[in-house]
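Just so you know, these numbers come straight off a predicted model, no measurement behind them. These numbers come from the heavy atoms of this one structure, side chains and all, not from hydrogens, waters or symmetry mates. Protein chains get the first letters and strands the later ones, always in sequence-line order, with residue 1 at the start of each.
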Amino acid sequence: MSRYTAVKGMNDILPPDSLRWSRMEEDLRLLAARLNYQEIRTPVVESLELFQRGLGETSDVVQKEMYVFEDKNGNKLALKPEGTAGFKLALKPEGTAGVVRAFIEHSVGIEKPGPHKLFYIGPNFRYERPQKGRYRQFHQFGLEIFGDPTPEMDAELIYAASMILDHFKVKGEIRVNSIGCPACRPAYREKLIEYFRPKAEELCGDCRRRIDSNPLRLIDCKVDAPRDRWNDIPLITDHLCPQCASDFERLKKALAIFHVPFVVDPFIVRGLDYYVKTAFEITADTGGTQNAIAGGGRYDNLVAETGGAATPATGFAIGLERLLSVVPEDFYGMQPLAMGFALFDGGVADLVHLTKHLSHHPVRYMAEYTPRKFKNALQKANKLGARHIFIFGEDEVKNQQVLYKDLATGDQKTFGQHEVMAIVAMLMDKEIRK
RNA sequence: GUGGGUGUAGUUCAAUGGUAGAGCACCGGAUUGUGGUUCCGGCUGUUGUGGGUUCGAGUCCCAUUACCCACCCCA
């Protein structure tokens, strides 16, 4: 064990995993571009207050999972007329709050008409006990749309999520719900409280406490499994106001037109306070119990609550660790490796030349400049998993040639040293046929 | 924050309380410029850390720490 290790819950990404990561990120950017999402990059740190106000003071994330610290210039900032805003800082636990802040700060919604479609990709931080699929530094890719109130846009967003699943050959279940709005949710909440209060004795300790504080989440309790025990639990979908109910119908209709496979799950509850109306989650078998790979919904009031002009908005985020854990192992193939060797000191200069020439082409190649015996060169290439090797021995150098051998088939061939294009063409051809 | 499991070589794992080992990996070799297999040789340890019990602790006890899994919650 080395003296220094990575901080708990924060992981190194090494080859070959790093290749899967960068390819996945590349694909996500391309997919986002198809529906005209443009990238936004916000800082990893924001003021603590932004998250407290945005995500909700009582949310678990804010209450116990934030990485909070004080800015060294805290005192100066505190002297600002606004008061102490900005004094305390936090590593971002999710992506939306910072995007909303930037959207407002730079008047994006004012300078051009909506919808404004943005995507982000990057690290987030939550102070939780790590377990399979849950880490203190984790990464998300998210889409956010500002300035469009329609349920059809929600449907398009969910469609984008399903495109991502399809692209990566992931089998996920898309579950949608409407969680109402400030006009209808409070009444539903009361109904739930009324429903569960008489049953308090039958609930676990956690749930008894949650009856009043968070009855919606109580439904998800795994200890009591309320959904299995009672089939007459009031459903939000039966208590929506006319506007929410109508929007929910439009959402489902549009999803059907997009051919997005989904199920209605009236028990979906989002963990953050800002969601209204459309809420959805995507689950998949990640090998652990953390099977939610993506989630999102509409947040029409957040921009105004953060200090901007009233702007309807909707968005979702996908957890990249979790996504990658369900992307098929062989989804990304590795380009075969080519290697170059010299058999004696006199071949090294020619080997350097080959490296120089091949470096201009998109082949995966590396050389070893310490001369080796023929047999050792083959052994080494094998150990490194190389397929193509180029050899400069005495005969080759004398004739201005290079010996090529395909370690997979055993074929070999001699090229003139100036036939670089022929060599590259051959490598590319083999790659396509692979 | 709560519970459970595991810490021994680079790695995966052994070792009735009695001298810490094996496979893999790595390095070298099996006579001339043809590999993967095989064979031979070599290298590697504060047994996570600190106490305690014992003639003697990798092994038993206590504490501590790290990782893993699960709860809570979420991506």
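Between A/Q131 and B/rC71, a side-chain N or O to OP1/OP2 separation shorter than 4.0 Å is present. Close to B/rC71, at under 4.0 Å from its OP1 or OP2, lies a side-chain N or O of A/T289. The shortest distance between the side-chain N/O atoms of A/K132 and the OP1/OP2 oxygens of B/rA70 is not below 4.0 Å.
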Worksheet item: Along nucleotides 1-7 of chain B, 5' to 3', which nucleotides get a B, which get an S, and which get a -, given that the test is a protein heavy-atom distance under 4.0 Å?
Response: BBB----
Please list, for nucleotides 42-44 of chain B, all pairs of protein and nucleotide N/O atoms separated by less than 3.5 Å.
none

Between protein and nucleotides 38-41 of chain B, what N or O pairs are separated by less than 3.5 Å?
none

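For residues 15-37 of chain A, the pairs satisfying ring pair (Phe, Tyr, Trp, His ring centres under 6.0 Å) are A/W21-A/H139, with sequence neighbours left out. Pairs passing the side chain to side chain donor-acceptor pair (under 3.5 Å) check and including a residue from residues 363-378 of chain A, sequence neighbours excluded, read A/T355-A/Y365, A/T355-A/Y369, A/E368-A/R372, A/E368-A/K380. Within the structure, side chain to side chain donor-acceptor pair (under 3.5 Å) pairs that include any residue of residues 415-428 of chain A comprise A/D350-A/Q417 (at least two apart or interchain).
A donor atom on one side chain and an acceptor atom on the other are found under 3.5 Å apart for A/D27 and A/Y332. A/Y188 and A/D238 share no side-chain donor-acceptor pair at under 3.5 Å. Side-chain contact, A/E144 with A/T96: a donor N or O sits under 3.5 Å from an acceptor N or O.
Nucleotide B/rC74 holds its P atom 11 Å from the OH atom of A/Y275, rounded to whole Å. Distance A/K373 NZ to B/rU34 P: 11 Å, rounded to the nearest Å. Atom NE2 in A/H388 sits about 18 Å away from atom C1' in B/rU34, given to the nearest Å. The CG atom of A/N382 sits 16 Å away from the C1' atom of B/rC26 (whole-angstrom rounding). Summarising the geometry, the separation between CZ on A/F390 and C1' on B/rU34 is reported as 16 Å, rounded to the nearest angstrom. Between the CG atom of A/D12 and the P atom of B/rA66 there is a distance of 17 Å, rounded to whole Å. Residue A/R322 contributes atom CZ, which lies 6 Å from atom C1' of B/rC74 at whole-angstrom precision. One atom, CZ of A/F374, and another, C1' of B/rG36, lie 14 Å apart when rounded to the nearest Å.
Here the shortest heavy-atom pairing between A/L55 and A/V61 reads CD1-CG1, 3.8 Å.
No hydrogens or angles were tested; on distance alone, nothing pairs the side chain of A/K375 with the base of B/rU34 as donor and acceptor under 3.5 Å.
At the heavy-atom level, A/I318 lies nowhere under 4.0 Å from the strands shown. Backbone-only contact: A/K8 has heavy atoms under 4.0 Å from sugar-phosphate atoms and none from a base. Looking at heavy-atom distances under 4.0 Å, A/Q412 makes contact with a base. Among the protein residues, A/Y135 comes within range of the nucleic acid bases, having at least one heavy atom under 4.0 Å from a base atom. Counting non-hydrogen atoms under 4.0 angstrom, A/G142 reaches nothing in the nucleic acid. Within the nucleic acid shown, A/D60 comes within 4.0 Å of sugar-phosphate atoms alone, with no base atom in reach, counting heavy atoms only. Across all strands shown, A/L323 has no heavy atoms under 4.0 Å from either base or sugar-phosphate atoms.
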Practice prompt. Decide salt bridge (charged side-chain N to carboxylate O under 4.0 Å, His left out) for A/E46 and A/R101; before the verdict, give the C-alpha distance in whole Å, the side-chain angles of both, and the deciding distance to 0.1 Å.
Written response: CA-CA 9 Å; A/E46 298 276 356; A/R101 192 224 81 232; 2.4 Å; yes
Worksheet item: Stepwise, does the ring pair (Phe, Tyr, Trp, His ring centres under 6.0 Å) test hold for A/F390 with A/F341?
Response: CA-CA 6 Å; A/F390 296 95; A/F341 294 94; over 10 Å; no
Practice prompt. Determine, step by step, whether A/R29 and A/E39 satisfy the salt bridge (charged side-chain N to carboxylate O under 4.0 Å, His left out) criterion, reporting the C-alpha distance in whole Å, the side-chain angles of both residues, the deciding distance to 0.1 Å, and the verdict.
Written response: CA-CA 8 Å; A/R29 289 169 193 278; A/E39 182 169 11; 2.5 Å; yes
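Comparing B/rC13 with B/rC69, their P atoms sit 14 Å apart, to the nearest whole Å. When the P atom is used for both B/rG23 and B/rA63, the distance is 39 Å, rounded to whole Å. For B/rC26 and B/rG36, the P atoms lie 13 Å apart once the distance is rounded to whole Å.
Both A/K380 and A/L403 sit near RNA chain B, but only A/K380 has its closest nucleotide nearer the 5' end. For A/G9 and A/E281, each mapped to the nucleotide of RNA chain B holding its nearest heavy atom, the one lying further toward the 5' end belongs to A/G9.
Within residues 391-400 of chain A, the residues having any heavy atom under 4.0 Å from RNA chain B are, by residue number, A/G393, A/E394, A/D395, A/E396.
Salt bridge present: A/D60 and A/K64 bring a charged side-chain N and a carboxylate O closer than 4.0 Å. Salt bridge annotation for A/D406-A/R387: present, with a cationic side-chain nitrogen under 4.0 angstrom from a carboxylate oxygen. Of the charged side-chain nitrogens involved, none lies within less than 4.0 Å of a carboxylate oxygen, so that A/E305 and A/R53 do not count as a salt-bridged pair.
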Output side-chain donor-acceptor pairs under 3.5 Å for residues 258-269 of chain A, partner residues at least two apart or in another chain, one line each.
from   : atom 1 : to     : atom 2 : distance (Å)
A/H259 : ND1    : A/I257 : O      : 3.4
A/D265 : OD1    : A/F267 : N      : 2.9
A/D265 : OD2    : A/R175 : NE     : 3.0
A/D265 : OD2    : A/R175 : NH2    : 3.1

Which pairs would a plain distance check flag for residues 155-164 of chain A, meaning a side-chain donor or acceptor within less than 3.5 Å of a matching protein atom at least two apart in sequence or in another chain?
from   : atom 1 : to     : atom 2 : distance (Å)
A/E156 : OE2    : A/K117 : NZ     : 2.6
A/S162 : OG     : A/Y159 : O      : 2.9

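Considering only side-chain atoms of A/L343, the nucleotide from B/rU34, B/rG29, B/rG33 that sits closest is B/rG33. In the set B/rU34, B/rC74, B/rC27, the nucleotide with an atom closest to the side chain of A/K383 is B/rC27.
Listed by chain and number, the residues in a ring pair (Phe, Tyr, Trp, His ring centres under 6.0 Å) with A/F392 amount to none (sequence neighbours excluded). With sequence neighbours excluded, no residue forms a salt bridge (charged side-chain N to carboxylate O under 4.0 Å, His left out) with A/K8.
Interatomic distance, CG of A/L323 versus CE of A/M24, reported as 5.5 Å (0.5 Å rounding).
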Fill in: Nucleotide-level pairing of RNA chain B, given in dot-bracket where Watson-Crick and G-U pairs need both distances under 3.5 Å and | marks other strands
(((((((..((((....[..)))).(((((.......))))).....(((((..]....))))))))))))....
